[in-house]
Amino acid sequence: MDDLKRLRQRELCDRLKLNYREMAVTAKQLGLSTHAYIQQRTGWILFQELYYPPGTIIVTEDLCSSPLIVYSKLKP
């Protein structure tokens, strides 16, 4: 999991050249949280305040636990 690229919300927006403030305003207009809107717009998966690349599979023991496995289909 250490070599898997995971990003905070602002880092993801910067990396994808998205205007963070514009994303927040649009999300609010659509009645979505910023997190939900960014996930829909980018395909990146949010887990415990970090975004993982599309295709990442997060396996948990139950809904309240930390991930047991974080796996990405993408090649580094």
Side-chain angles (χ1 to χ4, degrees):
M1 184 164 87
D2 292 334
D3 60 349
L4 182 65
K5 190 62 175 169
R6 50 190 186 257
L7 302 170
R8 297 197 179 281
Q9 191 172 63
R10 184 67 60 113
E11 294 171 327
L12 177 62
C13 287
D14 290 347
R15 180 176 180 181
L16 299 178
K17 296 182 175 37
L18 300 171
N19 182 311
Y20 176 79
R21 291 177 193 252
E22 184 179 303
M23 299 293 279
V25 168
T26 303
K28 186 174 182 177
Q29 290 172 344
L30 295 172
L32 298 171
S33 69
T34 305
H35 288 307
Y37 181 65
I38 290 175
Q39 284 186 103
Q40 286 181 6
R41 175 91 189 266
T42 66
W44 282 62
I45 298 142
L46 179 68
F47 185 78
Q48 295 185 340
E49 300 298 315
L50 293 172
Y51 288 88
Y52 295 85
T56 300
I57 299 168
I58 299 172
V59 179
T60 60
E61 193 172 308
D62 61 50
L63 295 176
C64 299
S65 70
S66 296
L68 298 174
I69 301 169
V70 177
Y71 169 75
S72 179
K73 295 178 186 177
L74 301 177
K75 295 182 181 179

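The basis for the numbers below is simple: all heavy atoms, side chains too, and nothing from hydrogens, waters or symmetry mates. Start at 1 with the first residue, then count along the sequence.
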Is there a chain of hydrophobic side chains (I, L, V, M, F, W, Y, each step under 4.5 Å between heavy atoms) that links Met23 to Leu16?
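They do share one cluster, since a chain of ILVMFWY contacts under 4.5 Å joins Met23 to Leu16.
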According to a hydrophobic-cluster definition based on side-chain heavy atoms being under 4.5 Å apart (Ile, Leu, Val, Met, Phe, Trp, Tyr only), do Tyr52 and Leu18 belong together?
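Looking at the clustering, Leu18 is in a separate group from Tyr52.
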Between side-chain atoms of residues 36-45 and protein atoms elsewhere (two or more places apart, or another chain), which donor-acceptor pairs fall under 3.5 Å?
residue	atom	partner	partner atom	Å
Gln39	OE1	Leu46	N	3.0
Thr42	OG1	Ile38	O	2.7
Thr42	OG1	Trp44	N	3.1

Show me the pairs that pass side-chain hydrogen bond (donor to acceptor under 3.5 Å, both in side chains) and involve residues 13-32, at least two apart or across chains.
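Output for this query lists Gln9-Tyr20.
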If every non-hydrogen atom of Ala27 is compared with every non-hydrogen atom of Ser33, which pair is closest and at what distance?
CB-O, 3.7 Å
Between CD on residue Glu11 and CZ on residue Arg6, distance to nearest 0.5 Å:
10.5 Å
